[in-house]
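The structure under discussion appears below in the form of structure tokens.
Read the numbers this way: they start at 1 and go in the same order the structure lists the ligands and their atoms.
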Amino acid sequence: MRTPLLAVDGVLHLDGVSLEALASAADTPAYVYSASTISTRYRELTETLAAVPHHVHYACKANASLGILAALRALGAGVDVVSGGELYRAQQAGFAPAGIIFGGVGKSRRELEAAVAAQVNIITVESEAELREISAIASAQGTRARIGVRVNPEVAVDSVHAYIKTGQKGDKFGVPWDEAERVAHLAHTLPAVTLVAVGMHIGSQLTNLAPLADGLQRLESLVGRLRAAGVTTLEFLDIGGGLYVPYNDEPAADLAGYAAIVVPALQRIGLTLIVEPGRFLVAEAGVLLTRVLYRKRTGGRDVLVTDAGMSDLLRPSHYDAYHRILAVRPRANQATLDVVGPICESGDFLALDRAMEDVGAGELLVLCTTGAYGSCMASNYNSRTRACEVMVREGQWTVITERETYADLVRRETVTPQWRTQA
Ligand code: LLP
């Protein structure tokens, strides 16, 4: 774990801010993000890729809060969006169209119209039908759309969970390998579109970089064949995201190994590299701060019931994911505990059978490495208001997302139906 949590006078601090004081001021549950960690990770990545021209497009599905987007924009990142909502967020956060790439396996006509109208740098297509739709939309708008083709390189991917592998044969993502050249060539010939990129994203939390090398080899051969067929408009090669983040004591992502694969390939190919990191940039910046409501003993187990649950952090329940849990007041005594949320189902847990510090009711905990795929996957299940989000930096803190209110919960709803007759 590389989150800069530091005990000062017996209390954990993040970027110089006491998490205990923060819990009093902002209440719990709260997501807390370290600005310094985001900039450290961003710098590490750009230094890793320094030998080749490259653009970092933050995959904002990992955490699309405006405060996070603004922080990454200020560092020089572009953004990768996958829905009209993410595009809207990127625009709200001040990203220029040239800094936005738009991907996703199922963009609606309305989303494509918005992306074409916004003149984003690249719209990445994942099927021939989508490509034809964009060509028609751009023609109707009297403009041109810059197109990337996401290829499924159909390699064997190693990741920690089946749900986050995306580059294997039969996965729903990308243009199947045996159609890739034809679809890319079509993007070259259709009206109102320009083929500027080819790319892939083979999965998230990649435990082995060999499949990345295999995929790159396929992309290199594809680029060679497209060039031989007269395509001269290619500018970018997009290798997606997927860099590994340690959640416990595992080693950090092998950035040197990553560079050793990516840099020579890009030097040979001679296009500008695009990377779409999500988790790598923000996961370790975040903790979820929660208070223990009760401690009880049931069926021979000791259970902590916290004020955060699966509606705040879905990953343990959905992926069986591990997040380290620390007491905000560190102590030596250990216990084996279940940490569960307040939601009315047994799947609502944050950790089971966990050897951790021995804490009791009223105490504060942090769930570590929750900056990515935490707040953005939160829900209102059990009509729980979503947590606030706080950024900390050099001893200061600021709320970047207010806690939801009960009024927010029902804002789109009505108790007085307006019945209409079918047209
Ligand atoms: N590019 C594309 C096209 C993607 O689909 C993704 C992630 C990324 C980039 C960023 O990947 P990263 O660098 O964050 O590994 N909810 C899951 C993760 C889903 C990842 C989906 N796609 C989790 O909590 O582990």
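Note: Tyr319 and Tyr163 have perpendicular aromatic rings, judged against thresholds of 30 and 60 degrees for the angle between ring planes.
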Can I get a per-line list of side-chain donor-acceptor pairs under 3.5 Å for residues 265-274, giving both atom names and the distance, sequence neighbours left out?
residue, atom, partner, partner atom, Å
Arg268, NE, Glu220, OE1, 3.3
Arg268, NE, Glu220, OE2, 2.9
Arg268, NH2, Glu220, OE1, 2.9

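In this structure, Arg354 forms a cation-pi arrangement with Tyr322, its terminal cationic atom sitting closer than 6.0 Å to the ring centre and no more than 45° off the ring axis.
In this structure, a donor-acceptor pair under 3.5 Å is present between the side chains of Thr194 and Arg144.
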Are there any N/O pairs under 3.5 Å between ligand 1 and the protein, and if so, what are their distances?
residue, atom, partner, partner atom, Å
ligand 1, 1 (N), Glu276, OE1, 2.6
ligand 1, 13 (O), Gly242, N, 2.9
ligand 1, 13 (O), Gly278, N, 2.9
ligand 1, 14 (O), Arg279, N, 2.8
ligand 1, 14 (O), Tyr373, OH, 2.6
ligand 1, 15 (O), Ser204, OG, 2.4
ligand 1, 15 (O), Gly242, N, 3.3
ligand 1, 16 (N), Tyr319, OH, 2.7
ligand 1, 24 (O), Arg315, NE, 2.6
ligand 1, 25 (O), Arg279, NH1, 3.2
ligand 1, 25 (O), Arg279, NH2, 2.9
ligand 1, 25 (O), Arg315, NE, 3.4
ligand 1, 25 (O), Arg315, NH2, 2.8

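Although no hydrogens or angles enter the test, the distance criterion places no donor-acceptor pair under 3.5 Å between the side chain of Thr28 and the main chain of Ala30.
The residue from Val340, Asn382, Ile343 that alone fulfils the side chain to side chain contact (heavy atoms under 4.5 Å, CB included) condition with Met310 is Ile343.
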